[in-house]
2 protein chains.
Amino acid sequence: MAYLERELGTQFGGRNSPGAGAGVADPKAYASFASFGGKTSKYDGHSVIYFEGDAARRLYELSSGTVMLFKLLPDGRRQVVEVLRPGDIFGFSAADEYDCTAETLISSEIHELDLRLVDGSAELQRKLTKCLTNQMKVLHEHAVLLGRKSAVERVASFLMYLVPGRGGTECVGPADETNDGFDIELHMTRQEIADYLGLTIETVSRVVSDLKRRGIIRVDRADRIHLHKVCSLCQMTGFH
Amino acid sequence: MAYLERELGTQFGGRNSPGAGAGVADPKAYASFASFGGKTSKYDGHSVIYFEGDAARRLYELSSGTVMLFKLLPDGRRQVVEVLRPGDIFGFSAADEYDCTAETLISSEIHELDLRLVDGSAELQRKLTKCLTNQMKVLHEHAVLLGRKSAVERVASFLMYLVPGRGGTECVGPADETNDGFDIELHMTRQEIADYLGLTIETVSRVVSDLKRRGIIRVDRADRIHLHKVCSLCQMTGFH
DNA sequence: CGACACATTGAATTTTGTCAAGACCTGTGG
DNA sequence: CCACAGGTCTTGACAAAATTCAATGTGTCG
C-alpha cells in the first residue's frame, strides 16, 4: 500500500530483521511494536502462544523466529493457514476470540501489546492496516496454491517462497546463469509442511524425493535443502 | 436476490459469523464509505471493476450486490479467493498494484474512494482494520476448506455460508426441529462455484446431484436451491 | 423453433491418500 | 564406542477421490 509505506517509511527508521538465515521476509520498514508499549517474551520452538477460541486480549508482533497459525477440524485434520516471519503481526480477531492457534516453529521473540491500546493510536492503526493488507495478499496466493496447484507445484512454490526475491509471478530469473543455487532452511517438519500445503506427509516426501532424483535439489538434512537450480524449480511453481 | 438483500440489511452478520455482533458485513455498523467522499457507481453483473496488476488507485466498498475477487494462473486456472457482500471493502493493495481481479457476480452498487483520502481519517483507518480482520478470518476458514475438506464438505460448507446464522463451528442447530428448511440463491454459475471451491465444474455438479438424490436439497433453478434439512447439510460441512 | 450457453452424467484415467513396512537420524546408556 | 529406543522420514502397494474427456440434457432468448 504505497500510501502507507511513504509515511511509515519516513517517520520511523527501518528495522533490521533479527535472526539471520532465511531472510525471506521482504524488508518491511515497520515501526517497532515496542514503541507503543507492551512487553517482549522469548518462546521455545513448538510452544503455543494462544489457542483457537481463547479470548483475544493481545496483539503480537514477531521480533525473531517463526510462528505458524493453524486451525483444526474436529476429526483432527489440521490446516496451517499462515507462516509468519519477523515483522509480522498476529492475534487479530474479528470476534472476541482468536480464530487460529498460534505456535512457534523455532524459538522466537515475540512482542505483545494489549488490544485496548490499539484503538488509541492512529499510527498503530495505519501499521495494522498495512500489515493486514500484506498478509491478505499472501493468503490470496495461498488460496491459489491450495485450490488450484498440483502437489509438485505446491512444494516448488513452498521452496521458492524461501528464496528472497525469487519465485513470484514477476521473478526476473537468475542474476548469474551459471550459479543459480541457494541454501534454505525449512524450520518445519514434513507434517507441518504437509498441513501448510494441504497435502499428506507421504506426498510431500515423495515430491521432495522426486526433485532430488531429478537433480533439482539436494537434501542435506530433512529441513535443510540446497537448491541446485532455482530457476528450474521456479518453472515448476505454476507461475510460468 | 430478494432475500439476501433483505437479510443483509437487517441481520446477516458476515458470511460465516453467526450473530456474534462481529457484523462487519453489516453496513449499519459503520459510517458508510460515502461520508468520506468519493462516488458511487452502478455495475452490471459480470463486469470487471479492476484487473489484477492494474495500478491501485482506489478503495471500493460494496453497497449492494455481490463481487468476487479472483486470481489466474498463466495456463488459465482460476481461483476465486473471496466472495464479497454489501459492507465489504476491497481494493487493498500491499504493493501498488491490485493482486486480484474484481468482478461483479450480479449487478451491484459500488462506492469508490481515492486511496489518498484514506490517510486522513482515523475513523476510516479503524473501519479498514476491522474489515480486513474480518476478511482475514474468512480467508483462514477458506484455507481450511481448500486444503483439508472433501468435495462434499466443500459444497455443503458453501451452501451453509448462504444460510444466515448457521453453519459455523458453533452452530446451534435448528430453531424449530420440524421446519428446518431454507431457500438460497447462489448468484454464481457452476464454474464460479468450482473456481471458488477449488473443484471442477463436474465435481460440483455431481455433488449437487447427489445431495438432491439424497433428499437434502431441491434444485429449483441451477442457482436457486431449497435446503430441506439445513441441519443435515450442516453435518456434512466437516465442522461436526 | 433453433441456437447457444450452461449443466449433468458416464466411463476411463490420473492424482493423491491410506496403510504398512522399513530406513534413517539422534540422543542415551551400557 | 556401540547398541538401541524413539522419533521422523521414506518407500511401496493398493484404494479412494477427483479430474478429464466425451456425450447428452436443459433452459433461455432471439
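Since we're looking at a predicted model, the values are computed, not measured. Proteins come first, then strands; the chains are lettered A, B, ... in the order of their sequence lines, and each starts at number 1. The analysis underlying the following values was restricted to heavy atoms, covering all of them including side chains, and did not include hydrogens, waters or symmetry mates.
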**OP:** Grab the NZ-C1' distance between B:Lys149 and D:dA18 for me, whole Å please.
**Re:** 18 Å
**OP:** Using whole Å, report how far NZ of A:Lys212 lies from P of C:dA23.
**Re:** 15 Å
**OP:** Mark yes or no for a side-chain to base donor-acceptor pair under 3.5 Å between B:Glu202 and D:dC21, with no hydrogen or angle criteria applied.
**Re:** yes
Original post:
For D:dA18, does OP1 or OP2 lie under 4.0 Å from any side-chain N or O of B:Arg206?
Top reply: no
Original post:
Is the backbone of B:Arg85 close enough, under 3.5 Å, to the side chain of B:Asp88 for a donor and an acceptor to pair up by distance?
Top reply: yes
Original post:
If you look at every strand shown and take non-hydrogen atoms under 4.0 Å, does B:Thr189 touch a base, only sugar-phosphate, or nothing?
Top reply: sugar-phosphate
**OP:** May I ask you to decide if the ring planes of A:His142 and A:Tyr196 are parallel, tilted or perpendicular, using 30° and 60° as cut-offs?
**Re:** parallel
Subject >> Value in whole Å for how far the C1' atom of C:dA5 lies from NE2 of B:His46 >> reply: 12 Å
Original post:
To the nearest Å, how far apart are A:Leu186 CG and D:dC9 P?
Top reply: 10 Å
Original post:
Quick one: does A:Arg213 reach the base of D:dT11 with a side-chain donor-acceptor pair under 3.5 Å?
Top reply: no
Original post:
Rounded to whole angstroms, how far apart are CZ on A:Arg77 and P on C:dT16?
Top reply: 18 Å
Original post:
In terms of side-chain heavy atoms, does A:Glu82 have a donor or acceptor partner in B:His140 at a distance below 3.5 Å?
Top reply: yes
Original post:
In terms of side-chain heavy atoms of B:Thr203, which of D:dC9, D:dT19, C:dG17 is nearest?
Top reply: D:dT19
Original post:
Taking CG from B:Leu197 and P from D:dT19, how many angstroms apart are they, rounded to a whole number?
Top reply: 11 Å
Subject >> Residues in contact with DNA chain D, drawn from residues 152-160 of chain A - heavy-atom cutoff 4.0 Å >> reply: none
Original post:
Which residue lies toward the 5' end of DNA chain D, B:Arg221 or A:Val219, if each is placed at its nearest nucleotide?
Top reply: A:Val219
Subject >> Between C:dC25 (P) and A:Arg224 (CZ): distance, integer Å >> reply: 16 Å
Subject >> Nearest-angstrom distance from the residue atom CG of B:Leu199 to P of D:dA17 >> reply: 14 Å
Original post:
Are any of the side-chain nitrogens in B:Arg206 or B:Asp210 under 4.0 Å away from the carboxylate oxygens of its partner?
Top reply: no
Subject >> Check: A:Ile89 main-chain N/O paired with A:Gln135 side-chain donor or acceptor under 3.5 Å >> reply: yes
**OP:** Establish, with yes or no, whether the OP1 or OP2 oxygen of D:dC9 is under 4.0 angstrom from a side-chain nitrogen or oxygen of A:Ser205.
**Re:** no
Original post:
Nearest 0.5 Å, what's the NZ-OG distance between B:Lys137 and A:Ser93?
Top reply: 7.0 Å
Subject >> Contact under 4.0 Å: A:Ser209 side-chain N or O vs D:dT11 OP1/OP2 >> reply: yes
Subject >> N/O donor-acceptor pair under 3.5 Å between A:Arg154 side chain and A:Leu146 backbone >> reply: yes
